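In this text, all values refer to a predicted model and were calculated from it rather than measured experimentally.
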Amino acid sequence: MFKRMDEILIEIPNVEKPDPNAAASIQELLGGKFGEMSTLNNYLYQSFNFRSKEKLKPFYDLVMSITAEELGHVELVSHGINQCLRGSTAYKEPDDTPLGSVKDARLSYHYLAGAQGAMPFDSMGNPWTGANVFNSGNLVEDLLHNFFLECGARTHKMKVYEMTDHPAAREVVGFLLVRGGVHVVAYAKALEIATGVNVTKLVPIPSLDNKAFTETRKYEEKGVHTKLYTYSDKDFNAIGQIWKGTHPEDGQPLEVIQGVPEGFPIPEAPAVEEEFAPGISHEDFAEIARRLKMAGNIAD
């Protein structure tokens, strides 16, 4: 089962800087082959189909806990996209072409089908596909795939970071570089335990250190790169048999935390009248409120 909270993992800067093309580039980190939807669904189906989970419990617990975090990453990237799209159009009468300012946006689907919100596509508008999911059933093969997947995701995050200087985009990407690095090291350590091969000697891939990015430094200073969360009140604590010792890059001690990290409020998304969203007028709102009061027997 999953437990959901009305929070996101970090606070995203609320800046008045509409940038539709920045939003399009971040879509790669959501619905691309190496995006968060791919990492989520790879681990999700591996966790569903895991064989001999009692005998291999530390590995099962690792995949289960990282799966839960990836749900939060999908959520976070989506809100980053929304922040980049916010304010890119303004309400005008239909004859005045209120969406005309974005007719040359690289990904017009944000406006034609999504009411200026994130969608399960890559940066070119191709829908995410379940063909991106790999689940061989072989523990070492799946762990090796996951290590490669996280390294590929890291490469894509770096490229998106270099593509846009939008504050919301870079804040999200900076955080994900740090947390994705945790997953790279976690799968490397799991492979070492499963095979005896010290895969951690390969990291970081690419070789550029996270500290090269302004937005990652504050998270590493807080030790975010050393913590692995169980995302459960009482389960999946066997990951401590894998996530232990020190970080291969800076030698900081690794820590398993039972539970979830502290969250932040989800940003309020204002109405976009030119997109007919949410399509509720002041009169409609008043009528809805009246019906809710009647349904709840609430007197004025």
* To do: Would you check if Ile205 and Leu202 make a side-chain contact, meaning some heavy-atom pair closer than 4.5 Å?
  => yes
* Structure fact -> Result for side-chain contact (heavy atoms from CB on, under 4.5 Å) between Tyr161 and one of Leu29, Thr216, Thr214 points to Thr214
* Asked: Under a single-linkage definition using a 4.5 Å side-chain heavy-atom cutoff for Ile, Leu, Val, Met, Phe, Trp and Tyr, are Val140 and Phe147 assigned to the same hydrophobic cluster?
  -> yes
* To do: Spell out, yes or no, whether Ile66 and Tyr219 are grouped together once hydrophobic residues are joined by side-chain heavy atoms under 4.5 Å, including indirect joins.
  => no
* Using a 4.5 Å cut-off on heavy atoms from C-beta on, say whether the side chain of Asn14 contacts that of Arg86. => yes
* Asked: Should we say atom NZ of Lys211 is surrounded by more than 12 heavy atoms from elsewhere, each under 6.0 Å from it?
  -> yes
* So, do Arg154 and Leu177 sit near enough that their side-chain heavy atoms are less than 4.5 Å apart? -> yes
* To do: Flag the pair Thr129 / Asn132 as yes when at least one side-chain heavy-atom distance between them is below 4.5 Å, and no otherwise.
  => yes
* So which pairs with a foot in residues 26-55 pass salt bridge (charged side-chain N to carboxylate O under 4.0 Å, His left out), sequence neighbours left out? -> Glu36-Lys157
* Look at the aromatic rings of Phe34 and Phe148 and report parallel, tilted or perpendicular, splitting at 30° and 60°. => perpendicular
* Can you find a heavy atom in the side chain of Leu99 that is under 4.5 Å from one in the side chain of Glu275? -> yes
* Asked: Can you tell me how far the CG atom of Leu9 sits from the OH atom of Tyr229, to the nearest 0.5 Å?
  -> 9.0 Å
* **Charged N-O contact under 4.0 Å between Asp165 and Lys17** => yes
* Show your reasoning for whether side-chain hydrogen bond (donor to acceptor under 3.5 Å, both in side chains) applies to Thr226 and Gln252. => CA-CA 7 Å; Thr226 65; Gln252 294 295 312; over 6 Å; no
* Has the side chain of Thr67 got a donor or acceptor atom that lies under 3.5 Å from a matching backbone atom of Tyr43? -> yes
* To do: May I ask you to say whether Lys218 pairs ionically with Glu221, meaning some side-chain N is under 4.0 Å from a carboxylate O?
  => no
* Taking only residues at least two apart or on different chains, which pairs with a member in residues 230-287 satisfy ring pair (Phe, Tyr, Trp, His ring centres under 6.0 Å)? -> His225-His247
* Decide, yes or no, whether a salt bridge links Lys92 with Glu274 under the criterion of side-chain N to carboxylate O below 4.0 Å. => no
* Asked: side-chain hydrogen bond (donor to acceptor under 3.5 Å, both in side chains) between Asn237 and Thr230: does it pass, once the steps are laid out?
  -> CA-CA 6 Å; Asn237 45 42; Thr230 63; over 6 Å; no
* **Lys244 NZ to Leu228 CG distance, which is reported to the nearest 0.5 Å** => 14.0 Å
* Using 30° and 60° as the class limits, which term best fits the ring planes of Phe50 and Tyr60: parallel, tilted or perpendicular? -> perpendicular
* Supply the atom-to-atom distance Lys3 NZ to Leu71 CG, rounded to the nearest 0.5 angstrom. => 15.0 Å
* Start with the C-alpha distance between Asp19 and Gln83, add both sets of side-chain angles, then the distance that settles side-chain contact (heavy atoms from CB on, under 4.5 Å), and finish with yes or no. => CA-CA 9 Å; Asp19 192 338; Gln83 288 283 49; over 6 Å; no
* Asked: What is the distance from atom CG of Asn135 to atom CD of Gln46, rounded to the nearest 0.5 Å?
  -> 5.5 Å
* In this structure, are over 12 heavy atoms from other groups packed under 6.0 Å from Asp96 atom CG? -> yes
* **Gln116 side chain reached by His110 side chain, heavy atoms, under 4.5 Å** => no
* Exceeds 12 heavy-atom contacts within 6.0 angstrom, atom CD of Glu11 -> no
* Validation row: Glu192, Val197 side chains within 4.5 angstrom (heavy atoms) -> no
